[in-house]
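Right, one structure below, let's go through it.
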Amino acid sequence: MRRTGALALLGAIAHGSLAASESLPRGVGPEFVKFFESKTTFTCIGIPSITLKASQVNDNSCDCPDGSDEPGTAACANIDPLSPEQPLPGSVTGTTNTTAALPGFWCVNAGHVGSYLAFMYVNDGVCDYELCCDGSDENTHAGGVQCENRCDAIGKEYRRLEEQRRQNKERSAKKRRTLVKESRELRRRVEVKIANLKTEVRDLDAKKAEMQAKFDEVERSERGKVVKSEGQGGKLGVLVGLAKSRVNELRNTLDKVMDQRDDLQDKVDQLEDILTKLKEEYNPNFNDEGVKAAVKAWEDYAAGQPSEPKGDLADSDIMEVLKEDSETSGINWAEFETGEASDVDVVYNWEAYLPVPVRDYVHQKLNLLRVWAIENGILADNPTSGGESRLVTAAREARDSATNAHSVKLGQLEEEQRELEKDYGPDDVFRALKGKCISGEAGEYDYELCWFDKTTQKSKKGHGNTNMGNFVRIDKEFVDEEERLDGKGLGKGQRLVLRYENGQGCWNGPNRRTDVYLGCAETDEVWRTVEAEKCVYRMEVGSPAACEDVQEPGVPIKDEL
C-alpha cells in the first residue's frame, strides 16, 4: 500500500541547472549540491563522521544511515519518513526512527517546475508525470516501462492555469479592495452617526436637566401658594367660588324638577278625563259595586277641589330664575371675582413692581420661605379638588417629553456603538456584505447564507424552510485540502470560518448549527454544503472578501493509497 510521497519545491532556484548537469549524481536537489561537489569522496550529510568513496554514491546500496548517499535510487526508501515503517538493517540507532537527510528524488523537469518525488516511487515501473514529467525517475526501465519527457506540454498547461489563477486572484483582489472601500465608507457613516447622536444626547441631557429643574421649581412654587380655588382674593374668593358652584347646582336641579312636574301634570289630566267620561257614560241601573264605588270616589274628589285655582308660580318667573347669571340677570359674579385684592394677592403681586434682579431674588426667597412653612406645618399645602395645577401639569409633560426623547436617542447611540464594535473580519471587509444573501443547491435542498444573519435550508418540494443557525462569531481554522482545478476549493492554510449556531432544533436532537468555511473567489458563491454530523452542517463559500488570508497553493505531491 502506498501513501504520501514527498515534499515538493518550485524549480526557480539558481542552482537547479547544476543539479541537472552531468557533473552531479542523479536526483540531487539544488539545495544539496554543495554536499556532492567532491569528485573523490562523499561525507554522509547527517553523520559527517562517515566518509565514503565517490563511487559509492547511487550504487543502489544504502551505505549512509541517513540515506544521503542514494539521491537517485530507491535503495534507502525504507528510511523515507513517508514510506511504510519497516526494520532498518545497519541502523546506527538500531531502530526504524532514523531520519532521512534528503527529502526525495529531485526531478529537474526542464520546461516545467522541478519537484521532489518520494524515493519509494523511483524505478517502481510507474511514470509519475504529475511530479516527474521528464520521466527521470524511471531510468532503469523497470518492467519494460520507458517514460517519455512530457514537461513541455505539462509545463505549458501548468503555466496557462497559473496565469488563469493569477488573473482570477487579481480580479478577486480588486473586488476585495472595492469591498474594503465600501466597508470603510459604511463605517465612516456609522461613526458620523454616532458623533451626531452623542451631540444630540448631550443636548437632550442638558434639556432634560433643565426641564427637571423647571418642573421642580414650578412644583415647589405651586406648593407655596396660599389656598386658591375658582374664585380669587383669599377666603372671599373661595366663598364666591363655592357659592357660584352651589347656585349653578340648584339651578340645574330646579330645571329637572320642572320637567318632572310637567310630566306628572299631564298624567293627572289624562286620569281626570277618563274618570269624567266614566261618570257621565256609566249606566246607574247596572248593578256593579266596583263601578259605583269608583264613581262615588270621583265625585268626592271633584267636590273637594277649590272653586278658584290657587295663585301658582308662573312659568315665566321660574324661567327667569333659570337664566344664566350675568350683569343683567341673577348675580353678577364678576363684581366679587375681580374685586379688591386680598392681602394674599398683594403678597403675590407686589413683586412685579421691583427691579428684575431684585424681583427674581425676592421671588426665589419667598418661594423657599413658603415651602419651608408648608413643610414645617406652619402653612397648609395647596389642596385643589381638581389635582395639580395646569402649570405643574405642563411642566411635568415637558419634563417627561425631554426624558423620553433623551432615552430614545441614548438607545439609538448604544445600538450604533454596538454595531461599530462588531467584528467584521480583516479590514472590516464583511461590513459591506452584511444583510446580503447567496444560495447554492445540494440534492433536494437549496442552502442560503445571509451574511452575519442566518443560514437556511429550503426544500425544493415546498416543504418549508429550516433555520440552520444564526450568526455568532468569526473564527479561524486550518484546513488541508487538495487544490481543485476549477478553483472552487479551500486549499491549504488558515481560513476564516463563520459560526452560525442556535438554529431550529432537530427532531430528537440538538439545535442546528452551520460552520461556513470561506475561500478566495471572484464572486460570492456557495460551493458545497454537507451535513458533517447530525444537525451540524459544513458550508464552503467563495468570496473576494476572504482573499486576504488565502496562501499561495503549494506544488502538488503524489498521494496514493
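Atoms considered below: every heavy atom in the structure, side chains included; atoms not considered: hydrogens, waters and symmetry mates.
In terms of heavy-atom proximity, I474 sits nearest to D423 at CD1-O, 3.5 Å. Minimum interatomic distance between V479 and G491 (heavy atoms only, all atoms of both residues): CG2-O, 3.6 Å. Across every non-hydrogen atom of N467 and N470, the tightest pair is ND2-OD1, 3.2 Å. T529 approaches A442 most closely through the heavy-atom pair O-CB, 4.0 Å. The nearest pair of heavy atoms linking R495 to L518 is CD-O, 3.6 Å. Residues S115 and L131 share a closest heavy-atom pair of OG-O, 2.7 Å.
Salt bridge R188/E185: present, at least one basic N to carboxylate O contact under 4.0 Å. At a threshold of 4.0 Å, the pair E170-K174 does not count as salt-bridged, since none of the basic side-chain nitrogens sits closer than that to a carboxylate oxygen. The pair D216-R399 does not meet the salt-bridge criterion, since no charged nitrogen lies less than 4.0 angstrom from a carboxylate oxygen. Salt-bridge check for E444 with K460: failed, with every basic side-chain N at 4.0 Å or more from each acidic carboxylate O. A salt bridge links R166 to E163: one of the charged nitrogens lies within less than 4.0 Å of a carboxylate oxygen. Using a cut-off of 4.0 Å between Lys/Arg side-chain N and Asp/Glu carboxylate O, D428 and R184 are scored as not salt-bridged. Salt bridge present: R431 and E419 bring a charged side-chain N and a carboxylate O closer than 4.0 Å. A salt bridge links D515 with R513; the closest basic N to acidic carboxylate O contact falls under 4.0 Å. Ion pair K488/E540 not flagged as a salt bridge, since none of the NZ, NE, NH1 or NH2 atoms sits closer than 4.0 Å to an Asp/Glu carboxylate oxygen.
Summarising the geometry, atom NZ belonging to K156 is positioned 14.5 Å from atom NE2 belonging to H112; distances are rounded to the nearest 0.5 Å. Note that the SG atom of C520 and the CG atom of L490 stand 11.5 Å from one another [nearest 0.5 Å]. To the nearest 0.5 angstrom, D446 atom CG is 9.0 Å from E448 atom CD. Interatomic distance, NZ of K454 versus SG of C437, reported as 8.0 Å (0.5 Å rounding). Within the model, atoms NZ of K169 and CD of Q164 stand 12.5 Å from one another, a figure rounded to the nearest 0.5 Å. Here N196 contributes atom CG and E416 contributes atom CD; the two are 10.5 Å apart, rounded to the nearest 0.5 Å.
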Do R418 and E414 pass the side chain to side chain contact (heavy atoms under 4.5 Å, CB included) test, and can you show the C-alpha distance, the side-chain angles, and the key distance before you say yes or no?
-> CA-CA 6 Å; R418 287 193 296 270; E414 292 173 350; 3.9 Å; yes
CA sep, side-chain torsions, deciding dist, call: V472, Y500, side chain to side chain contact (heavy atoms under 4.5 Å, CB included) = CA-CA 6 Å; V472 176; Y500 288 75; over 6 Å; no
Test side-chain hydrogen bond (donor to acceptor under 3.5 Å, both in side chains) on T456 and N465 and set out the steps.
-> CA-CA 7 Å; T456 307; N465 302 335; over 6 Å; no
Evaluate the criterion side chain to side chain contact (heavy atoms under 4.5 Å, CB included) for residue pair K476 and V497; output intermediate values, then yes/no.
-> CA-CA 6 Å; K476 279 189 176 182; V497 182; over 6 Å; no
Would you check, one step at a time, whether the test side-chain hydrogen bond (donor to acceptor under 3.5 Å, both in side chains) holds for N168 with R165?
-> CA-CA 5 Å; N168 289 340; R165 291 192 189 98; over 6 Å; no
Start with the C-alpha gap between K492 and F478, add the side-chain angles, then the distance that decides, and say whether side chain to side chain contact (heavy atoms under 4.5 Å, CB included) holds.
-> CA-CA 7 Å; K492 181 178 181 178; F478 185 84; 4.0 Å; yes
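A side-chain donor-acceptor contact under 3.5 Å links S543 and D524.
Each of K207, K208, K214 was evaluated against E210; a single residue qualifies, K214, per the salt bridge (charged side-chain N to carboxylate O under 4.0 Å, His left out) test.
R538 forms a cation-pi arrangement with Y517, by the criterion of a distance under 6.0 Å to the ring centre and an angle within 45° of the ring axis.
Within 6.0 Å of atom NZ in K534, more than 12 heavy atoms from other residues, nucleotides or ligands are found, so the atom counts as buried in its surroundings.
Under the 4.5 Å side-chain criterion, counting only non-hydrogen atoms from C-beta, F471 is in contact with L498. A heavy-atom distance below 4.5 Å is not found between the side chains of L179 and K175. In this structure, E501 and R473 have side chains that are in contact, with non-hydrogen atoms separated by less than 4.5 Å. V536 has its side chain out of reach of E531: every pair of non-hydrogen atoms, C-beta onward, lies at least 4.5 Å apart. Taking 4.5 Å as the limit, every side-chain heavy atom of P426 sits out of range of all side-chain heavy atoms of V180. In this structure, Y447 and I438 have side chains that are not in contact, with every pair of non-hydrogen atoms separated by 4.5 Å or more. A heavy-atom distance below 4.5 Å is found between the side chains of Y445 and S459. Using a 4.5 Å cut-off on side-chain heavy atoms (C-beta onward), K409 and Q412 make contact.
Annotation: Y424 is in aromatic contact with F452 [ring centroid separation under 6.0 Å].
With hydrogens and angles ignored, the 3.5 Å screen pairs no side-chain donor or acceptor of D427 with any backbone N or O of V429. Between the R512 side chain and the C535 main chain, no donor and acceptor come within less than 3.5 Å of each other. Judged by distance alone, the side chain of T514 and the main-chain N or O of T455 form no donor-acceptor pair under 3.5 Å.
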